[in-house]
Structure formats: structure tokens, C-alpha cells
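Naming convention: chains lettered A, B, ... in sequence-line order (proteins, then strands); numbering from 1 in each chain. These values consider heavy atoms only, across backbone and side chains, with no hydrogens, waters or symmetry-generated copies.
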Amino acid sequence: MEMEKAYSPKDVEEKWLKEWAEKRLFHSMPDKAKKPFTIVIPPPNVTGSLHMGHALNNLLQDILIRYKTMTGYNACWVPGTDHGGIATQNVVEKLLKKEGKRKETLGRNKFIETMWQWRKETGDTILYQLRKLGCSCDWDRTSFTMDEKRCGAVNAAFVEFFNKGYIYRGERIVDWCPRCGTALNESEVEQENEKGHLWHIKYPVVNCPEEDCKNIFENYITVATTRPETMLGDTAVAVNPSDERYKKFIGKYAVLPLVNRIIPIIADEMVDPKFGTGAVKITPAHDRNDAETAIRHNLVFIHVIDKEAKITSHISLDLKRQPIIDKEKGAGHLVLEHLWSKDRYEARKILLDELKNKGFLEKEENYTLPITRCYRCDTATEPLVSRQWFLKMSELSAIAIESAKKRETVFFPESWYKPYILWLENLKDWCISRQIWWGHRIPLWYCMHCAGKDIQAVCCPDKKESIAPDQGKDDFSSSCSGTVDWMLNTMHLTPEYIKQNASITVENMSKDVKGVVASRHEPSKCPHCGKSDFLRDPDVLDTWFSSALWPMSVFGWPENNGDLNYYYPTDVLVTGHEILYLWVARMVMTGLYFKKEVPFKNVYIHGIVRDSHGKKMSKSLGNVIDPLTIMDKYGTDALRFALAYQSIPGRDMQISDENFIMARNFTNKIWNVSRFILMNLDDSDKDFVSKECELENIDKWILSELAAAIESANAAIDSYNPAEAARTLYEFIWAKYCDWYVEFSKVRMYGSDRKQRNTVLKIHLEVLENIIKLLHPIMPFITEEIYGYINKDNPGSILSCEYPRALSVKRNVPNQDTADVEKIIDIISAIRNIRSEMNIKPGETVEVYLRIADSCSEKTISGYAEYIKMLGKAESVKFIKEKDANPAHSASAVVGDAEIFIPLEGKIDFTAEKKRLEIKISKLEQEISGYLKKLENKNFMDKAIPEEVQRVKARYIEACGKKTKYANLIVNIGG
RNA sequence: GGGCGAUUAACUCAGCGGGAGAGUGCUUCCCUUACAAGGAAGAAGUCACAGGUUCAAAUCCUGUAUCGCCCACCA
């Protein structure tokens, strides 16, 4: 048998990846005879490339799947990818840009074609990387959030929600990315603090709207703002009602500087008197808070910044709310013609100059303010009022809360339960529409004839494809715009023509509007007029909408088939906490709504992988450790083990190269100990395995240690604690098995007794097989390989083995037997300690004298003499009696009731030895006084549990005995 | 402002009511026939601080400090 001296992961991994794939080992089908264990993957984005977060997340799932497979479940892990909405669209847009193309000129259909082409070419990259990681996914079930089945699920869900009145179109302030031209939700923006300014601006005060304001600086109120450009859209100034400074102004009016529009001064609790000047300008259309204040006070919304973040050049008022300015005068900012179409920051600069020149600017102070940026392009977002589709959440969250309180899903660690509930309780309606092209197009169809009045369309006759109205404006020279109704009836365009050439926006549509049809497919005819001229809503759905359906859709929902019935609900969802709200909560809500059952019974939330300084890994920080590089450098099993080892429940983890080196060394250790056994197995008696053999205590000891490790590993994985499992196995394999048992076993292995040799090999084989089975979920490659060597006549995957249970290796072992082994270990350690401290060369042997207190114990220990000789490098082990004199010129030690002497004539420095022993005595004295304090404490003796009292007593007696022996050794040190 | 977590050896972190642990690093010695990606030995800690509960606290409770994360707000 040929095993290389060092484990080389590359060939082994390649071999087993091929093997697993060829045998379709991870494929699962419903099987009534077996219990299913199901996980659906958190689908990585198609643009994704495997990073540490993915590696950890999928590793944890893989551990569970392999473990459950080995414990007899029909385990099924469904892989797949997410189309990724805006993120993916941006990637392709950038590629197009390199070719000098824009999506607007390409048109919607062509662009989507390009997207699909791209996804076909590169979208599965991450799935291949997951295979490389060893993930035991059922690849036959690979899904994609935009494949046919999943689209069907999305449409079905939308139609159901829409028809039941859960979906409405409304106006909200949303974060708008002026670069990407779409609304963003909280997951798509990043907040950071940025240095900026707080400008104090004087607003003159008048008593009534009609009053002429002659001397503006006599009576004024100063507002503080970080965004002076939004003042064009101010419709009030607010102060706190209890603010003594401003009480006199409440109910009066302010004159908007430069614009000269008159706005009311109102009182609102939302104003913090301590911040800034205590007076706030209210810009309802461009600030979330102001919008809420405006609604409370019935203020008008004036839009002054457009979707490209430029100052608008037209009036755009929300006249549904009572305007306090008359329509004739407009929003006021129209007088500032020079600001039209200026970028927001440019406009800010101009405005500030003018305010300063005219004496309105009171002061400018430095101020750090939070900036919200688009996570894809880093552009500062603009809070804009826009029309979006919303999913009403109150009822859905209520059922989710109820379910969580009944513990229908259980969180691991449990500490996530509370934040989860809190989030659900404060849930706002979900903005589900996005103004991009890549995604699930909203399945709403508008009848041109019935709903034509409510649809604004832009027709672009030069273009074969329709284009969005807000994008590519420059190309609109020959376009016309208006309602569809107008196009049909006044312009006499044909429905077919409009369909081909128009892009549309819709007003406040709901299911109550005539001619609006939610349908999985294009409806054949309008339920109202019977005609079949439809326009489809241009928006696409938030990418999380399809993710929310994932655990159902991967099994074919809405079709009610065998897969869905067998595998749903899934057993556990494994995810990082960063998407607990965005994704987990939404899956629960849709699952409960559509299936009346939670999508998963457990949620296993793991930490986030950080760098060695605790920073989140990100490309911009340059602190990314690429798992693929690690796999290449140290092997996939090492990567997996390192991650598992660090994955402490409830904690984020810091990883660095060190962790991987440790794991790599561990794989090598496993490899070599296997090699040691297999090498010896080669020339062993063929049928030794079936032969009865008599176990030595050492064998019993390692088997009982193994049983303990097995128990602990099982419990650890069952409780989602892979780190505990990894640490247990590491400790057992290295510190117990390799360091001691393997060394002990060499006595019999290299001895001449064939039977003895076979016995020990048999134990080795048993331990080794258990070890690799135990390790397999964490380290699949090396364990398969070793398993292959062990069973070379009978090849197969270790995955079909049963995961070890403690019972299977437990023998009836008296405690005394294993305690004896522990004692031998201590004695050998003490001998080694003396050798080392007395500078005995490793090659040099010594004579060892042992004095054991009682003869029974002496008899036992003498049975281990060969082990002491071998591991302590002793030439001989002799026993002396209580009455015998201490061997002369000896270094000595006390282990329990045993005294050890190593005669070192000519080598021993008595003062050094005396000092060594004195240190031991003083340590013992400390120990003894600690015990004594307890034993003399009446409270301790009365109240402590008896076992503890016994423990302390025993330790006290042992320490006293040792101390006496050491004291005696010092007295007799000359021999 | 609300919530969560952390503070243990030089570093990275386990442990979470009864003897202070691991890996790395450090010191000394060894290429001994499974493994130098290794072996043997060793030094190294008022377990952040202050109170409390308990016979007993690194561990439970309260408070303080520092750090980190999440949510909300930030004119």
C-alpha cells in the first residue's frame, strides 16, 4: 500500500468530487420508509463568487446533511441561485459599458436577452465552487429564482396577494438611487457617517401670509439644515411646542429666503429643542421625517429634486393635500431659473452663496451626518416620493408572530428570537416594486380600453423596443406622451402599436380599478370589455419576493406534488444573521400564508466571518481571505475544519491564516496516523479481525475515551455546535489517540508476539474507522480517501456508513482500569519532566525506580513496565519497598502515591534538584491550604453537596501525601 | 435612544457555579523507523472593574468602563 508521507489534498479532492458526481450520491427522492431531513440553500447571487461567508454557511449545511445521511435520514439539500435583481443588472450594465453600449439603447427585451446570455455563461460559477467545497447538494434539484417553475411560483403568489387585497400601489418616500434609477430597500443601501456641515439659515417671520416683510432681519427664526438645497421645497418651519424661545412664533409665518414663499410656523413634538437651533425646516417631499410631519399637519408636498437628483424645472405638487400657497404662484422655486436642472450639490453651492450674500446665512458649523448610499454604485441616495407597489404586512406579520410565539420555528441560538419578534412587530409595509428590468416582471395587466385613463405612456416610434420614460430621455425627440386613452382615441394609434412602442407608468391602481388583471399569464380578454389589448406593468419585483417563496418553490409550489408534501416543511434553515429580517421572516410569512405551515422547523443562525482584526471582510478594505485560495493552499478539508472549529454559536468569528495552518496540520496528522496503521496492517495476519482477543487496560482506556468523544460529537452536532464537535475530535485524536495510545501500542506492535500485535491492530482499526466516520461530515475528502484504503477490497462511500454511536464502542470497562492508565500517563510524564529538566539527551536511557505505596497497586503498575520503558526511555523499571532507602544520587518526583527515582550519578546537581523539589512543595502547600480552608469551613461542610466535600477531602489527602513524600525526598537528597 | 454580544496567557479564542484551558507565539532539547505540517519538556493569567447572591463565582445578578454589532433617529 502506497500512502504519501504528507497528505496532498489536490488529487484526493478531485478524485472524490468525480466519484460523488458520477454516483449521484447526494440525490434524494421521496421515500416513505425513511424520514426526510431537508435543507434549502440560501441561494447565492448568480454574480457571486465564493467568499468566506458562503463557505461557512454552506459548510454548516453540509455538515448537517452528511451527518443526517449517516444517521439514517433521507437527507435532501436543494441548491440554487438567486437572480439578484439590481446587483446583477449592474454587473451586466458595466460589461455593456465596456463595449460602449447602454441598456437604454439596447431596449428592454434585448437587454434581458443579454442578461440571460450572461447568466448562462457565468451564473453557475458559484455552484461549481460549492461542489469544490464538497457540498453534498442534490444537484439534480438545482433551482434558479428566475427559472420557469420559480417564476410560476412568484406569479402565483403575487396574483393571490393582489386578489386578496394585500398589494396596493402607494406613495412613499423611498431611497432612490439617482445613478441606478430605481427605488432601493434597506438591504440595498449602506449608511455611513460623513463629515459635512450644519448651516444655520435665517427665515424672516411675518404675522400673516399677506404681510409685507420689509426689514427681514428684525424678526426672524433660524433653522439648521444639512441640506440647504431642499429649502426650495419647504412648506413649513417646525418648533417644539414647549420651546420657550419660539412659542411666540407658533402660528405665524416664515418667508422662505430667495424664494419668497410664505410658509407656516408649526409646533410638533418631533422637534428636538436641543438640536441645532431648535427650529426645523420641513421639506415633505424629500425627507422621511418631514413627510410624516407634513401628513400630521396636512402640509403640501413640493417636489424640487428629480430622479436624477437635479433641481426640477417644473411644478410638481401634490395637490391632494391642501396647498397653503396658491397654484398661480407655483412652488416658488420656479423663480430661481438658474437652478433648474442643476445637480443637487451644485445647487447647494449656488444657494449657499446667495444666502450668504444676502445675509441669510447665520453660520456654518462642522457636523458629521449619516449618508445613505447605494450599495452597488456608492451614489448617495435621494429620499424621493415615488409610486411603488406595496405588500401589506400587518396581517402577515401577525401570523408570523403568533407562530413564533408557539415556537413553531425555533432559533439557534435562542437569543435571536427576541429581535426577530421585535422586528415583526414594528414591520412597515414592504415596497416590492423596483424600476429595473432584470427580475420578475409584475404580473399585472392593464386593459388599454378600461384602464387607459390611468396609464401614462410614452411612445417612441423610432424605436422598435419600448424604453422607460425616465431613462434615455435624450432619445425622445420624436416621442409623444400622454394617457393611453388619449393615444387611442385622439391620436388614433392602434393598440398593437402602443403595445410595441410605448413604455408606461401607472397611477394609483388597485384591484378595484376596472380593467386591471392580475394573472399568471397574459389574460386573453378583459373581464370588463372583453377586448384583449393589454399593457403589462413595467416594474419588476424586489428580488426578496422570490426568495421569500424559495422553500416552497424549489419543491414545485404552487403545484401540490409529492416532493412538496414529503420535504416541506424543511428541517432547518442555516443563515447568517444579516438576512434574518430580510429573508427569514419573509419566508416564514409567505410559508404560513400559502402553506399554513412554517417553512422550516429550526433556524440556525451562525456568525459572520471577520478578519483577524474583527473587521468585516470586504473588497474595499482589502482584507478578504479567499476560500478558494485557502483550499488551494491548505486543502478543502483544512478550510472546512478551520471554519467549523471557529464557528461558536452566537458569535462572529475572526479568522486568519493561523487557523488554516492549524487545520492543515491536523489533516496531516490524521493522514499520518492512518498511514501508520495501514502500513502495519499490510503485513498482519489476514483474518485477525475475526479472532477473539484479550484487551489490555490501555485498549479499554482508548475505547472509553472514544466513546466519550463520540457522545460529545453527536450531542454537539445535534445542538448546532460544530465548533464543539471539531474541538472534541481534535482533542481526542491528537492528544489522546496519537500522543498516547499510538505510542503505547508500539510496544505490542513492534513486539514479537503475533497475537498481541493483532489485538492492538484490531483496536487501532476500530478507533480509526470511528474517527474517520466522526470526522466525515466536517472533512469529507480525506475521510473518504482513508476509508478507501481501509476497505480497498470493498470500495464504497463512507457516507453510507452509520455515524458512530457511543454504544457501539462501549465495553464494560471498570473505572479502575482506565484510572490505572491515567496514572501511567502521569508517571511517564513525570519521568520525561525529570529527563528534560536534568538535560538528559533524548537518546540516552535511564534507570527508573518506583516506590508504590500498596502492593496491589505495585502489581498493576508493574504490568506497564514495558510502556514506561518505551515512552520514558528507561533502560529498566525497578520497584522498591517502603522500607528501602532512596536510590542514591537521584532526581525524584511524586505522582499520586507513587515515588519515582532516576539515579543520575555524576550528572545531578543537588542544589538544582533541591530547588526543583522545593518549588513543587510550595505549590502543594498552596493547594493544601486552599483545601484546608474549605474543610475547616463549617458552612462548606454543612451545605456543599457531599460529592464535592468528598472530592476536596480526597484531593487534600493526596496533596498532603505528596507533600510529605517530597519533604522526605529533600531530606534524603544525598541518598 | 432601544436591543444584543464581548472583555480569560504575548496574540486568536474555548470554558460559563466546585481543581484556570487550547492553538499560535516564546524558551530548552530532539530529523527516535506514522507525522519536523512532527515529538518531549517548560515559562506565561488578581479570568475588565466595583458591588451582590452562594458554603463556593471566570462562570449567576446589578452597576461601571471600554470595544463591537443590530434597529431607530439624526433637521
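Between the NZ atom of A:K933 and the P atom of B:A57 there is a distance of 10 Å, given to the nearest Å. For the pair A:Y645 OH and B:G23 P, the interatomic distance rounds to 7 Å; values are reported in whole Å. Distance CE (A:M662) to C1' (B:C13): 10 Å, rounded to an integer number of Å. Atom pair A:E947:CD and B:G19:P shows a separation of 14 Å (rounding to whole Å applied). Distance CG (A:L932) to P (B:G19): 16 Å, rounded to an integer number of Å. Atom NZ in A:K873 sits roughly 10 Å away from atom P in B:U32 (whole-Å rounding). Between A:Q654 atom CD and B:U24 atom C1' there is a gap of 14 Å when expressed in whole angstrom units. One atom, CD of A:E658, and another, P of B:A10, lie 15 Å apart when rounded to the nearest Å.
Side-chain atoms of A:R955 and base atoms of B:G19 include a donor and an acceptor less than 3.5 Å apart.
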Q: Check the pair A:N833 / A:R916 against side-chain hydrogen bond (donor to acceptor under 3.5 Å, both in side chains), numbers first and verdict last.
A: CA-CA 11 Å; A:N833 174 263; A:R916 203 174 66 87; 3.3 Å; yes

Q | A:I772/A:I790 under side chain to side chain contact (heavy atoms under 4.5 Å, CB included): CA gap, chis, key distance, verdict | A | CA-CA 11 Å; A:I772 58 172; A:I790 296 174; 3.9 Å; yes

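In summary, A:R227 and A:D287 do not engage in a salt bridge, as defined by a charged side-chain N under 4.0 Å from a carboxylate O.
Between A:I305 and A:E382 the shortest heavy-atom distance is CD1-OE2, 3.5 Å. Smallest separation of non-hydrogen atoms from A:D637 and A:I782: OD2-N, 2.7 Å.
Relative orientation of the A:Y737 and A:F732 rings is parallel, given thresholds of 30° and 60° on the angle between their planes.
Taking the side chain of A:V742 as heavy atoms from C-beta on, and the options B:A75, B:A14, B:A34, the nearest nucleotide is B:A34. Distance from the side chain of A:K418 is smallest to B:C4 among B:A75, B:A22, B:C4. When distances are taken from the side chain of A:K943 to each of B:A75, B:C55, B:A6, the shortest belongs to B:C55. Listed nucleotides B:A34, B:A43, B:A75 differ in distance to A:T226; the shortest reach to its side chain belongs to B:A75. Checking B:A34, B:G18, B:C13 against the side-chain heavy atoms of A:F676 singles out B:A34 as nearest.
A:W671 has its side chain within reach of A:E785: a pair of non-hydrogen atoms, C-beta onward, lies under 4.5 Å apart.
Annotation: the span from A:R651 atom CZ to A:Q646 atom CD amounts to 10.0 Å, rounded to 0.5 Å. Atoms CD1 and CH2, from A:I421 and A:W416 in turn, are 14.0 Å apart once rounded to the nearest 0.5 Å.
Nucleotides B:U7 and B:C16 place their C1' atoms 14 Å apart, quoted to the nearest Å. Taking atom C1' in both B:A40 and B:G52, one finds a spacing of 47 Å when rounded to whole Å. Rounded to a whole angstrom, the distance from the C1' atom of B:G21 to that of B:A58 is 12 Å. Remark: the separation of the P atoms in B:A22 and B:A44 is 14 Å, to the nearest Å. The P atoms of B:C61 and B:G25 are separated by 37 Å, rounded to the nearest whole Å. Between the P atoms of B:C55 and B:U64, the separation comes to 28 Å (whole Å). Comparing the C1' positions of B:G2 and B:A72 gives an interatomic distance of 7 Å, to the nearest angstrom. B:C47 and B:A20 have their C1' atoms separated by 8 Å, given to the nearest Å.
Backbone-only contact: A:K841 has heavy atoms under 4.0 Å from sugar-phosphate atoms and none from a base. Nucleic acid contact for A:V271: base, since at least one base atom lies under 4.0 Å from a heavy atom of the residue. No engagement by A:L580 is indicated, since no non-hydrogen atom pair under 4.0 Å with the nucleic acid exists. In this structure, A:I648 reaches the sugar-phosphate backbone alone: every heavy-atom distance under 4.0 Å involves primed, P, OP1 or OP2 atoms, never a base. Heavy atoms of A:Y634 sit nowhere under 4.0 angstrom from any nucleic acid atom.
The cationic group of A:K746 lies under 6.0 Å from the six-membered ring centre of A:F676 and within 45° of the ring axis, placing it in a cation-pi geometry.
Aromatic rings of A:F275 and A:Y367 (six-membered ring for Trp) have centroids within the 6.0 Å cut-off, being under it. Residues A:W734 and A:Y730 place their aromatic rings such that the two centres sit under 6.0 Å apart.
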Q | Nucleic acid footprint by protein, nucleotides 35-41 of chain B - heavy-atom cut-off 4.0 Å, B for base, S for sugar-phosphate alone | A | BSBSSSS

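When each of A:Y931 and A:A238 is assigned the nucleotide of RNA chain B bearing its nearest heavy atom, the one mapping closer to the 5' terminus is A:Y931. When each of A:N937 and A:E731 is assigned the nucleotide of RNA chain B with its nearest heavy atom, A:E731 is the one assigned upstream, toward the 5' end.
Stacking here means ring centres nearer than 5.5 Å and ring planes tilted less than 30 degrees, and by that measure A:F940 does not stack onto B:A56.
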Q) Reading RNA chain B 5' to 3', how would its secondary structure be written in dot-bracket notation, given Watson-Crick and G-U pairs with both distances under 3.5 Å, brackets [ ] for crossing pairs and | for partners on other strands? A) (((((((..((((....[..)))).(((((.......))))).....(((((..]....))))))))))))....

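Between A:R651 and B:A14 there is a side-chain N or O to OP1 or OP2 distance below 4.0 Å.
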